[in-house]
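See below for the structure under consideration.
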Amino acid sequence: MDRNPQVIVAYSHNVSQAIRVHKLPRPGETIRALQASAGMDGAKGTNTAVACSRVGARVAMVAHVKGGDWYYKGQQVLKEAQIDDTYVILGEGIKDTSGVVLIDDEGNNMIVLGAHNEQTIPDEEIDQALTAMKDAQYCVTGYEINEKSVRHILRKARELGIKTVVNPSPIPDFVPDYWGDISLLILNEVEIARMLELAGVEFEEENWEDSARKLRKAYGVGDIVVTLGEKGFFCLEGEETHFAPGIRVKATDTTGAGDGYMGAMTARLAMGDSLFEACKYANQYCSITVQRDGTISSYPTAEEAEEIFAQRV
């Protein structure tokens with residue numbers, strides 16, 4: 001059986017738990033927490049890797065992390081998801097400041113990343129990992145790790161002929177000059193508006209084809225997917241454009257839905273789908289995850305997802 005990874009996730013790694021509140025706080029407002037979420041939450045990289053693996057792709061994680069109690073939980077999460085953690089390197093120090101995820105009664109979320117915990121993957125670890133797994137089809141990364149690491153990952157992946165998938169979240173506060181190395185950029189409504197603003201380009205709300213083409217011209221990226229939450233998605237695949245509406249469900253926790261979408265989409269791409277087909281699958285997949293608590297705990301296996309899809313027909 002071939003165990004060489006199809007997808008490398010060179011990204012952030014962490015596990016934690018969210019806090020439930022009735023309503024997200026307004027500026028200056030004090031609120032009371034209800035309880036910890038019943039689910040398990042992860043960093044964007046962990047979430048993406050787990051969803052990607054559960055959908056059916058062979059996945060390897062590349063990360064450089066600090067220790068602490070969370071680390072052993074994280075090891076177990078990757079093991080249970082059958083994710084290769086050979087290149088998850090335990091560095092010096094203990095993770096000292098946790099971030100927080102708040103989730104309200106409508107499933108909306110607010111995320112604050114922990115201070116001093118930005119993960120950096122050293123260049124030599126990136127080079128070693130990607131070279132060893134150079135036959136992978138896709139490499140996923142994003143800005144929850146240090147920007148210099150993202151830059152090096154994209155350059156090395158392109159050098160090795162590995163397609164790259166990037167989500168610009170948190171949104172950079174500058175115009176990256178290396179996005180020509182991105183094969184597929186996936187971002188939401190807020191992120192595409194902000195990236196066009198950074199480039200000094202006018203954003204026309206709801207005109208996703210215009211926005212995607214402007215973004216491609218401004219940054220030199222390849223294909224583009226704009227996730228629209230309950231409204232569905234838009235994708236620019238080569239010169240072809242596609243749109244599909246969302247699937248109406250009662251959301252209880254939207255945290256990690258974008259990560260799950262990216263993981264599911266990338267898995268389906270690695271399994272042979274076109275971008276549009278992969279996005280349609282991810283669109284359905286995330287309509288399941290937002291009805292469950294947590295991020296890691298919300299991602300169904302391919303078999304579970306197919307059973308639920310079949311019930312909707």
Side-chain angles (χ1 to χ4, degrees), residues 5 7-20 35-63 65-85 87-88 90 95 98-103 107-114 117 119 140-142 144-145 165 167 169 186 227 249 251-268 281-282 284-305 307-308:
V7 178
I8 301 167
V9 179
Y11 209 172
S12 52
H13 178 41
N14 184 34
V15 294
S16 60
Q17 224 172 7
I19 301 297
R20 283 278 181 182
Q35 62 184 21
S37 169
M40 178 179 287
D41 297 281
K44 284 183 169 296
T46 315
N47 293 340
T48 301
V50 170
C52 191
S53 181
R54 287 182 182 166
V55 169
R58 299 187 302 276
V59 180
M61 186 101 200
V62 178
V65 300
K66 293 182 179 181
D69 292 343
W70 79 271
Y71 176 72
Y72 303 101
K73 296 177 185 176
Q75 275 188 316
Q76 188 63 29
V77 164
L78 298 184
K79 181 179 179 181
E80 289 176 357
Q82 299 183 319
I83 294 167
D84 184 343
D85 67 351
Y87 295 100
V88 175
L90 179 61
K95 190 177 73 154
S98 296
V100 64
V101 178
L102 302 179
I103 305 167
N108 300 309
N109 67 78
M110 180 181 291
I111 302 172
V112 180
L113 299 179
N117 284 321
Q119 295 174 8
V140 181
T141 192
E144 203 169 61
I145 61 173
V165 181
N167 171 230
S169 177
I186 176 170
T227 57
V249 296
T252 60
D253 183 352
T254 59
T255 315
D259 305 333
Y261 189 105
M262 182 160 64
M265 176 198 71
T266 307
R268 295 297 300 194
Y281 181 94
Q284 288 205 73
Y285 187 84
C286 286
S287 71
I288 300 170
T289 72
V290 298
Q291 297 180 80
R292 299 178 173 186
D293 285 333
T295 61
I296 293 167
S297 50
S298 75
Y299 302 139
T301 63
E303 292 77 14
E304 287 180 89
E307 286 182 12
I308 296 170

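The model shown is predicted, which means the values in this text are computed figures rather than measured ones. Heavy atoms only: backbone and side chains are in, while hydrogens, waters and symmetry mates are out.
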Minimum-distance pair of heavy atoms, taken over all atoms of [X] and [Y]:
| X | Y | value |
| --- | --- | --- |
| V50 | I296 | CG1-CG2, 4.3 Å |
| P5 | A60 | CB-CB, 3.8 Å |
| P300 | S298 | CD-O, 3.2 Å |

Ignoring hydrogens and geometry, is there a side-chain-to-backbone donor-acceptor pair from [X] to [Y] under 3.5 Å?
| X | Y | result |
| --- | --- | --- |
| Q119 | H13 | yes |
| N167 | I186 | yes |
| T289 | A257 | no |
| T141 | A10 | yes |
| S12 | G45 | yes |
| T46 | N14 | yes |
| T266 | M262 | yes |

At what distance, to the nearest 0.5 angstrom, does [atom1] of [X] lie from [atom2] of [Y]?
| X | Y | atom1 | atom2 | value |
| --- | --- | --- | --- | --- |
| K79 | Q76 | NZ | CD | 6.0 Å |
| T48 | Y11 | OG1 | OH | 6.0 Å |
| D253 | R292 | CG | CZ | 12.0 Å |
| I8 | C52 | CD1 | SG | 11.5 Å |
| N47 | T295 | CG | OG1 | 3.5 Å |
| S287 | Y261 | OG | OH | 11.5 Å |

(message) Please enumerate all residues that pass side chain to side chain donor-acceptor pair (under 3.5 Å) together with Q291, with sequence neighbours excluded.
(response)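 Side chain to side chain donor-acceptor pair (under 3.5 Å) list for Q291, sorted by chain: empty.
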
(message) Does atom CD (Q82) have a neighbourhood of more than 12 heavy atoms from anything else shown, all under 6.0 Å?
(response)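 Check fails, neighbour count at 12 or below.
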
(request) Determine, stepwise, if the pair L90 / V65 fulfils side-chain contact (heavy atoms from CB on, under 4.5 Å). (result) CA-CA 5 Å; L90 179 61; V65 300; 4.2 Å; yes

(message) A cation-pi test, strictly: NZ or CZ of R54 under 6.0 Å from the centre of the six-membered ring of Y299 and no more than 45 degrees from its axis. Yes or no?
(response)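 Output no; distance or angle outside limits.
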
(message) The test is side-chain contact (heavy atoms from CB on, under 4.5 Å); show your working for M265 and V165 and say whether it passes.
(response) CA-CA 10 Å; M265 176 198 71; V165 181; 4.1 Å; yes

